[in-house]
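Reviewing the structure listed below.
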Amino acid sequence: MSFGKEVFNVGVSSAYRLLHPMHTVLVSCVGKSGKLNIITLAWAMPTSINPPLVAISIAPRRHSHTLIEETREFVVNIPTMNILKETLFCGRVSGKGHDKFKEAGLTPLPARKVKPPIIGECVAHLECKLHSQFTTGDHTIFIGEILEAYANKNCFTEAGYNLEKAKMVFHLGGNEFATLQPRIFTPQI
Ligand SMILES: Cc1cc2nc3c(=O)[nH]c(=O)nc-3n(C[C@H](O)[C@H](O)[C@H](O)COP(=O)(O)O)c2cc1C
């Protein structure tokens, strides 16, 4: 199938949008005062299996940036379309002036190994301690060493996520999101 020859020129400052939709996560963190926070992130990815590492990219002006630098721990929580509104909310207001757990109606539950809580409404959780950080232009990449990783048994098995049950959130851009068609393709190569 051909897509035609006409080109849409994307300015380089918006080039990242060509990589979207991106799987979107909710990162929970806590400051040294004990104040909890949640930040919505589309820029997250695994970077190593052994040691198990995950990277998240956060702009320095975000409140969560300060909190992660303070306590050097965070949890990557996986939301579903069931909490899409809450996911957008946590990405539109700052924890500087808001209690996002309370205002979004999300439940903080104790994590196994780190101080920040997990988010009860999410289907999976990666508990991390800060391994390293790098400045990349106007964002900081925080590398988390994954200390614990677990998921809801109804949604995740050896075969991976059950996409009928766990409708993952993908950020297209702005206030727009998509989810996966729960169909598996296995190409013969
Ligand atoms: C869907 C979505 C994805 C986002 N992805 C990122 C991201 O990857 N990195 C980032 O720094 N901010 C991202 N943001 C913006 C932050 O979530 C937003 O600025 C948030 O209010 C910061 O909260 P805080 O100040 O409490 O840390 C995203 C926002 C939305 C809605």
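Just follow the structure's listing: the first ligand is 1, and inside any ligand the first atom is 1. In this chain, residues are counted from 1 in sequence order. Worth knowing before you read on, the calculation uses all heavy atoms, side chains too, and leaves out hydrogens, waters and symmetry mates.
Taking the centre of each ring, His20 and Phe170 stay at or above the 6.0 Å mark.
More than 12 heavy atoms of other residues, nucleotides or ligands lie within 6.0 Å of NZ in Lys35, so this atom counts as buried by the packing criterion. Few gaps surround CG on Leu19; more than 12 heavy atoms of other groups in view lie less than 6.0 Å from it. Other residues, nucleotides and ligands contribute more than 12 heavy atoms inside 6.0 Å of the NZ atom of Lys167.
Sequence neighbours left out, the pairs with a member in residues 106-119 that pass side chain to side chain donor-acceptor pair (under 3.5 Å) are Glu73-Lys115, Thr107-Glu121, Arg112-Glu148, Lys113-Glu148.
Among protein residues, Asn37, Ile39, Thr40, Leu41, Ala42, Trp43, Ser57, Ile58, Ala59, Arg62, His63, Ser64, Leu88, Cys90, Gly91, Arg92, Val93, Ser94, Gly95, Lys100, His139, His171, Phe177 come within 4.0 Å of ligand 1, judged on heavy atoms.
Pairing each heavy atom of Lys100 with each of Ile38, the nearest pair is NZ-O, 2.8 Å.
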